[in-house]
Amino acid sequence: MSDITVLGLEGTAWNLSAAIVDEKDVIAETTATYMPASGGIHPREAAQHHANHIARVIRETLKKGGRDIDAVAFSQGPGLGPCLRTVATAARALALSLAIPLIGVNHCIAHIEVGRWKTSASDPVTLYVSGANSQVLAYRAGRYRVFGETLDIGIGNALDKFARSVGLPHPGGPKVEELAKQAARYIPIPYVVKGMDFSFSGLTTAAQESVKKNSLPDVCHSFQETAFAMLVEVTERAVAHTGKNEVLLAGGVGANARLREMLGFMCQDRGIEFYVPEKRFMGDNGAMIAYLGLLMYRAGYSTAISDSGVNPNYRPDDVEVVWL
Ligand code: ATP
Ligand code: FE2
């Protein structure tokens, strides 16, 4: 049995994280989270945060890991350009100094692969819902295809933006979830599914307006019910279209109990399995980058320094899946 060990670096947005994994488990992980003084994320400030902490985060992870690593993996995209570049620079320097392969990975696919690793899902339709991203993905003919996605902002950013506008602190998603539990009624909010894609920005504006006339808990509840129903509808249609019999939830918004419940009902109705990884593997984490790096390394893949530039719009279906 081989014992490949890979160090992964994640830093597409708020979270800077390094982790070492082998084929069985996470050996070590260190995280440093950027917190803006006010408002939303400032890409250059976040990148500066990552630059300030990355040496320590790598050093601590290597120390905790206490073993040699075979390759260095990093998030090549999608994400915020300045953050991606900071982390990529560190990854190149580390791989060159240790004289080991460098592996650029797609962040969205890393969410799927860590879910497959840490649950019993084998070939799922994945609903990936985070701050910046909202996508429905499934494997077909050598690639993870995007069956549906947001036409504007991610569901997490929509929740955060709405929450900020009503004076709730960041991150807004968990606050909205708590307030929604006190709701008395549902208020209609625009439900926008176009083909297989969804849009959250009109819904967010409508919710902001609605707070002027309705109670905050009622609006939080209505926001969640509407937005989550859109996500579940598209996920269900992807299931029907692909004939797959598993759904996997990924991304930080996957922490939401109501979203899980709604997806769970849909899966139960269709008689298919629903998988939710442990919380630490749902939001952005270094382990998922290290693990996808491990799969790619095992398949003989590596990224030349000349091809290691970042891609803020890196799409999962750009990647040829060489490891399955
Ligand atoms: P990415 O770079 O992949 O877009 P991210 O930096 O936004 O990721 P994640 O940890 O995947 O990071 O997700 C964070 C988002 O999850 C935030 O928008 C936050 O409000 C949302 N979130 C966290 N917990 C909950 C919850 N219980 N309900 C709804 N949203 C939640
Ligand atoms: Fe993510």
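Order of appearance sets the numbers: ligands from 1, and atoms from 1 within every ligand.
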Lys/Arg N to Asp/Glu carboxylate O, [X] vs [Y], below 4.0 Å:
X	Y	answer
E225	R258	yes
E278	K118	no
D123	R116	no
E233	R237	yes
D317	R143	no

So, regarding A132 and ligand 1 (criterion: nitrogen or oxygen to nitrogen or oxygen, under 3.5 Å), is there a contact or not? yes
Has ligand 1 got any nitrogen or oxygen that is less than 3.5 angstrom from a nitrogen or oxygen of L159? no
Ligand-residue contact atoms, ligand 1 with [X], heavy atoms, under 4.0 Å:
X	value
A13	2 (O), 6 (O)
Y128	1 (P), 3 (O)
P171	19 (C), 20 (O)
N133	1 (P), 3 (O), 4 (O)
W14	6 (O)
E177	26 (C), 27 (N), 28 (N)
G156	18 (O)

Less than 3.5 Å apart, any donor N or O on the side chain of [X] or [Y] sitting next to an acceptor on the other?
X	Y	answer
R185	N214	yes
S199	D152	yes
S308	T303	no
Y314	N106	no

Protein-side N, O or S atoms sitting under 2.8 Å from the Fe ion (ligand 2) are H107 NE2, H111 NE2, Y128 OH, D284 OD1
Quick one: does D160 get within less than 4.0 Å of ligand 1, heavy atoms only? yes
Min heavy-atom dist H107 to ligand 1 below 4.0 Å: yes
Is the ring pair F198/F200 parallel, tilted or perpendicular, if the boundaries are 30 and 60 degrees? tilted
Using the rule that Ile, Leu, Val, Met, Phe, Trp and Tyr join whenever any side-chain heavy atoms are under 4.5 Å apart, tell me whether [X] and [Y] fall into a single cluster.
X	Y	value
V322	I289	yes
V247	Y139	no
Y291	M282	no

Region of D284 that comes within reach of ligand 1 [heavy atoms, distance under 4.0 Å]: both
Taking heavy atoms and a distance under 4.0 Å, where does N15 meet ligand 1: side chain, backbone, both or neither? neither
Starting from atom 21 (C) of ligand 1, locate the nearest protein heavy atom and write down its residue, its atom name and how far away it is, to 0.1 Å. V253 CG2, 3.8 Å
Would you mind checking which non-hydrogen protein atom is closest to atom 28 (N) of ligand 1, with the distance to 0.1 Å? N256 ND2, 3.0 Å
Heavy-atom distance to [atom]: which of [options] wins?
atom	options	value
atom 1 (P) of ligand 1	G251, G283, S130	S130
atom 24 (N) of ligand 1	G254, S134, P174, G173	P174
atom 16 (O) of ligand 1	A250, G131, G252	G252

Can you tell me if R56 has over 12 outside heavy atoms packed within less than 6.0 Å of its CZ? yes
Between S134 and I155, what is the shortest heavy-atom contact and its length? OG-N, 2.9 Å
